[in-house]
Protein chains: 2
Amino acid sequence: MVRTARFTEDDFIEATVALVAEGGPAAATMQAIARRVGAPTGSIYHRFESRAAVLGAAWNAAYASFTAALTPLLQAGRPCEAALAILPWARASERRARFLLLHEPVTLFEDTPPPPPLRAELERLEEGFDAAFRACIAARGDGILRDEDLARAKFLIFDAPIAILRPHLQRGGALPPFAERMIAELHAGMPLT
Amino acid sequence: MVRTARFTEDDFIEATVALVAEGGPAAATMQAIARRVGAPTGSIYHRFESRAAVLGAAWNAAYASFTAALTPLLQAGRPCEAALAILPWARASERRARFLLLHEPVTLFEDTPPPPPLRAELERLEEGFDAAFRACIAARGDGILRDEDLARAKFLIFDAPIAILRPHLQRGGALPPFAERMIAELHAGMPLT
DNA sequence: ACCCATCTAGACAGCACATTCTAAAACGTG
DNA sequence: CACGTTTTAGAATGTGCTGTCTAGATGGGT
């Protein structure tokens with residue numbers, strides 16, 4: 001009935017992630033994405049309504065992959081293992097890790113925000129991740145949940161491990177074995193509650 | 001002999017810092033900087049050779065201010081106090097903190113790197129900061145300095161405190177009092193060596 | 001063999017930006 | 001009080017980008 005597509009949505013997303021990971025957000029122009037896929041620029045607009053939509057879709061995909069790796073461990077009340085799970089995830093997909101962990105959304109979306117459907121999807125993902133944090137605290141906590149408790153959990157499980165990885169992600173080399181040790185020691189010395 | 005300048009180099013640097021802090025790097029166009037200062041765009045080029053030079057000068061100034069606040073404490077072998085010193089520094093100059101701590105250099109300089117003199121100045125600043133870290137470790141260490149020790153010190157004194165502040169810097173509100181507590185507890189639970 | 005919705009293909013228009021250019025204004029010194 | 005230098009002032013230029021437009025290719029269903 002119709003012509004079969006030579007390029008998939010994922011082709012463009014993957015190229016976008018790679019370009020941002022290698023050269024920052026400004027390196028991911030529509031022409032660079034197209035060139036990397038081997039497609040003409042116009043083809044991107046058959047799948048995405050704008051550049052912001054491509055970046056948004058790429059961000060959502062990376063975020064979903066990341067949270068999927070941690071959420072089960074959080075829900076099981078294992079904060080230290082969740083924090084450590086970031087390492088194999090980052091090692092398995094270095095480009096996605098660089099894309100997601102090295103760039104703030106404000107830098108990616110400062111000019112034009114992604115279209116509403118993508119924003120809504122990201123909000124759902126963020127709420128799910130947040131709920132997992134709350135569940136993790138509740139699993140070992142005493143009842144009341146203060147702002148400070150949530151901030152503390154996010155630091156221990158998310159921000160601090162990423163801070164440990166960031167220098168190595170930037171340099172581009174392999175993640176050193178002592179990263180594991182530092183995360184484990186952090187959790188031993190500074191418990192959740 | 002010559003016409004006196006109405007606008008100083010610092011006027012432009014300050015405007016650049018403010019614009020990036022408020023709207024990300026892309027908000028700091030030459031025209032936006034000029035408009036904020038109240039100058040014509042051409043005047044910027046009497047002081048800076050390019051946009052990259054303005055951003056580079058702003059970055060160097062912010063970095064110098066930041067490291068100046070921490071270096072004496074590092075050299076005195078007081079890592080925990082150095083980490084805590086980030087808080088008053090960030091509170092005193094919120095815009096500078098947002099500019100420096102919320103944006104990776106790769107995002108600011110991805111298109112065009114700053115001119116060589118500014119790059120050289122930044123390298124000197126970075127080397128000085130690095131030396132202070134080594135001095136701090138040596139002040140309480142046992143002799144040999146491994147990669148891991150330096151990475152550990154930078155995490156405890158620099159990256160981890162910033163990770164604690166980052167969510168609050170992004171939101172733009174005041175830095176909460178429990179930030180102090182978390183940093184102190186981190187250093188109590190996970191010593192330098 | 002034909003049809004036609006969907007895709008490839010790439011040129012094109014419009015826009016925003018960095019940088020340059022021209023003209024005029026200021027100012028302290030001789 | 002004129003001169004030369006530096007600055008203001010903002011228009012003009014050139015570039016590179018996003019998003020659009022036209023033409024043609026494709027391939028399964030009939």
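Naming convention: chains lettered A, B, ... in sequence-line order (proteins, then strands); numbering from 1 in each chain.
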Closest-nucleotide ordering on DNA chain D, the 5'-leading residue of B/Ala39 and A/Ala28 |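 Nearest nucleotide further toward 5': that of B/Ala39.
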Does the distance from a Lys or Arg side-chain N to an Asp or Glu carboxylate O, for A/Asp149 and A/Arg152, drop under 4.0 Å?
->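 The answer is no: the pair does not qualify as a salt bridge.
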Residue that, paired with B/Trp59, satisfies side chain to side chain contact (heavy atoms under 4.5 Å, CB included) out of B/Leu122, B/Leu125, B/Thr16 |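 Between B/Trp59 and the candidates, side chain to side chain contact (heavy atoms under 4.5 Å, CB included) is satisfied uniquely by B/Leu122.
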Measure centre to centre between the rings of B/Phe99 and B/Phe66, then say whether the value is under 6.0 Å.
->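 Between B/Phe99 and B/Phe66, the centre distance exceeds or equals 6.0 Å.
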Neighbour count above 12 (heavy atom, 6.0 Å) for A/Glu104 CD |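 Count over threshold, so yes.
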Should we count CZ of A/Arg36 as having more than 12 external heavy atoms under 6.0 Å?
->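 Enclosed: over 12 neighbouring heavy atoms sit under 6.0 Å from CZ of A/Arg36.
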Same apolar cluster: B/Ile183 and B/Phe158, side chain cutoff 4.5 Å |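 Linked within one cluster.
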Shared hydrophobic cluster, B/Leu73 / B/Leu192 (ILVMFWY, side-chain heavy atoms < 4.5 Å) |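 Not linked; separate clusters.
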Just the table, please: protein N/O against nucleotides 4-6 of chain D N/O, every pair under 3.5 Å.
{"from": "D/dG4", "atom 1": "N2", "to": "B/Met1", "atom 2": "O", "distance (Å)": "2.4"}

If only side-chain N and O atoms of A/Ser43 are considered, is one of them under 4.0 Å from the OP1 or OP2 phosphate oxygen of C/dT8?
->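 Checking A/Ser43 against C/dT8: at least one side-chain N or O falls below 4.0 Å of OP1 or OP2.
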Compare side-chain N and O positions of A/Arg6 against OP1 and OP2 of C/dA9 and report whether any pair is under 4.0 Å apart.
->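 Answer yes for this pair, as a side-chain N or O of A/Arg6 is under 4.0 Å from OP1 or OP2.
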Which nucleotide in the set [options] lies at the smallest distance from any side-chain heavy atom of [X]?
{"X": "A/Gln31", "options": "C/dT19, D/dT18, C/dT8", "answer": "D/dT18"}
{"X": "A/Arg47", "options": "C/dT8, D/dT18, D/dT7", "answer": "C/dT8"}
{"X": "A/Thr4", "options": "D/dG27, C/dA9, C/dA18", "answer": "D/dG27"}
{"X": "A/Phe7", "options": "D/dT18, D/dG19, C/dT8", "answer": "C/dT8"}

What's touching nucleotides 20-22 of chain C from the protein side, N or O pairs under 3.5 Å?
none

